[in-house]
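Data first, discussion second: the structure below is written as structure tokens.
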Amino acid sequence: RDLHSFPTRRSSDLVLKNHGLQVLLDLHAAPGAQNASDHSGSGNTGNVQWYQRANQRKTTQILLDIASEYGEHPALWGIELLNEPLVNTRRERWRLWWWTRKTSRTLRSRLPSHVRIVASDCYQPAWWSGRIGSNTLDIHHYQCFSDTDNQATSLTHHRQVLNQRSGKYRDYSQQQPLIIGEWSAALPPRTASDSNEYTHCQSQLTVPSGVDAWFYWSYKTENPGAWNFRDCYSKGWFDNMLSFGRWYNGYMSFPKLIYSIAVLVIIAWVLSMVFRLAAWLINGLLYIAILVVIIGLIVQFISQKKRQK
């Protein structure tokens with residue numbers, strides 16, 4: 001069915017409104033394929049042709065069309081330029097950076113100010129952080145693909161990696177807004193089990209990382225397991241999402257928490273000064289009242305003496 005057809009658009013609007021959902025539109029498959037994976041439209045052939053100028057121009061136009069169609073939609077949270085673009089050389093990285101910079105400026109002029117423009121970190125967050133202007137940086141966090149992750153035999157390794165990355169994410173969030181655009185509780189075969197993946201899921205939910213939002217991958221798959229959010233949710237893995245850890249991680253990032261505490265301290269200090277000033281004024285008025293009473297008594301005493309004479 002055409003996604004732009006009236007019934008589909010109407011039904012999706014109804015779902016978004018009824019459930020209070022917001023949407024990040026992510027361009028997963030760009031002309032020429034931006035990476036060598038099947039989800040980029042390349043067919044997993046390894047033949048990445050997105051860096052051809054014609055394909056880059058087509059991609060920019062597609063993003064502008066998306067902005068024109070959905071830019072004013074009340075549920076639109078943001079538009080992501082590209083999903084996981086592959087960068088093999090310095091030349092490709094600078095070409096992608098230049099395209100990101102130029103396309104972001106054009107797209108920004110077509111979107112409301114509250115709609116975010118999101119850029120992928122290309123699995124190179126240290127390089128991209130601080131180089132995307134006011135855009136939001138998207139990091140994909142997985143601990144099941146690398147060689148070191150696959151060689152691990154216990155959750156200790158994964159906890160250490162999570163703590164290290166969380167610290168780096170906090171640093172990156174000081175340079176621009178940050179989201180975890182994809183993450184999962186999935187673990188490598190050596191450590192994968194229902195109990196281990198549950199524990200791994202809870203660890204990721206409670207470790208503060210300074211991110212503005214996160215997206216579990218994926219919402220639903222053909223089979224149950226750690227890649228299936230609906231299955232994990234049905235097993236109670238997300239029952240504590242409104243606990244302190246979830247609030248601290250998602251709704252109140254680390255810098256915002258520090259800022260909020262500082263604001264509260266300043267407010268408390270201002271109130272204390274106001275109370276001190278009020279107390280000083282009351283004391284002053286009390287002294288004046290006592291002085292007036294004394295003067296009144298003296299005047300009354302003198303008046304009585306004169307009458308007696």
Side-chain angles (χ1 to χ4, degrees), residues 16-22 24 71-78 108-109 111-118 129-137 139 162-180 202-214 238-309:
L16 294 172
K17 182 178 180 180
N18 289 344
H19 296 279
L21 297 175
Q22 291 182 297
L24 170 63
E72 298 294 336
H73 196 289
L76 182 64
W77 186 85
R108 182 76 278 163
S109 65
L111 291 170
S113 59
H114 69 274
V115 176
R116 299 199 188 198
I117 297 176
V118 182
S129 184
R131 286 188 168 97
I132 60 172
S134 61
N135 291 350
T136 297
L137 184 65
I139 292 177
L162 180 60
N163 290 334
Q164 291 170 0
R165 291 188 188 176
S166 181
K168 291 180 180 179
Y169 296 164
R170 284 195 294 271
D171 294 338
Y172 299 150
S173 69
Q174 302 297 314
Q175 297 178 299
Q176 70 278 297
L178 184 70
I179 65 170
I180 304 298
Q202 301 308 303
S203 297
Q204 292 180 87
L205 285 172
T206 56
V207 173
S209 53
V211 301
D212 290 342
W214 55 256
F238 296 90
D239 287 350
N240 296 323
M241 283 180 62
L242 296 180
S243 65
F244 173 77
R246 172 64 185 92
W247 169 82
Y248 185 58
N249 185 34
Y251 292 108
M252 184 64 71
S253 61
F254 185 74
K256 291 179 182 177
L257 179 65
I258 297 299
Y259 176 78
S260 299
I261 292 174
V263 169
L264 290 174
V265 170
I266 293 173
I267 291 174
W269 178 81
V270 170
L271 289 175
S272 68
M273 293 301 295
V274 170
F275 290 141
R276 287 183 183 180
L277 178 61
W280 181 82
L281 289 174
I282 292 172
N283 287 335
L285 291 174
L286 179 62
Y287 293 142
I288 293 173
I290 293 173
L291 183 61
V292 169
V293 170
I294 292 173
I295 292 173
L297 291 173
I298 293 173
V299 170
Q300 186 178 6
F301 176 78
I302 294 173
S303 298
Q304 289 177 351
K305 288 292 185 181
K306 286 181 179 180
R307 288 173 188 171
Q308 290 175 359
K309 291 180 180 180

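Of the possible polar contacts, one joining the H73 side chain to the A75 backbone as a donor-acceptor pair under 3.5 Å is found. When atom types are taken as modelled, the side chain of S166 and the backbone of N163 share no donor-acceptor pair closer than 3.5 angstrom.
Within the 4.5 Å cutoff, the side chain of D212 has no heavy atoms near those of the T136 side chain. Residues L111 and R108 form a side-chain contact, since some pair of their non-hydrogen atoms from C-beta on lies under 4.5 Å apart. Within the 4.5 Å cutoff, the side chain of N240 has no heavy atoms near those of the L205 side chain. Two residues are said to be in side-chain contact when any heavy atoms from C-beta on lie closer than 4.5 Å; V211 and L178 meet this criterion.
When the side-chain contact (heavy atoms from CB on, under 4.5 Å) test is applied to H114, the partners found at least two apart in sequence or on another chain are P112. Residues passing the side chain to side chain donor-acceptor pair (under 3.5 Å) test with Q22, sequence neighbours excluded: none. When the side chain to side chain donor-acceptor pair (under 3.5 Å) test is applied to S129, the partners found at least two apart in sequence or on another chain are Q175, Q176. Shown here are the side-chain contact (heavy atoms from CB on, under 4.5 Å) partners of Q300, two or more places apart in sequence or in another chain: L297, Q304.
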Contacts under 3.5 angstrom, residues 271-294 side chains, donor-acceptor by atom type, not counting sequence neighbours:
unit_1 : atom_1 : unit_2 : atom_2 : d
S272   : OG     : W269   : O      : 2.5
N283   : ND2    : A279   : O      : 3.3

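Atom CG of residue L137 and atom OH of residue Y169 lie 10.0 Å apart, to the nearest 0.5 angstrom.
Considering all non-hydrogen atoms of both residues, R170 and G210 come closest at CG-N, 4.1 Å.
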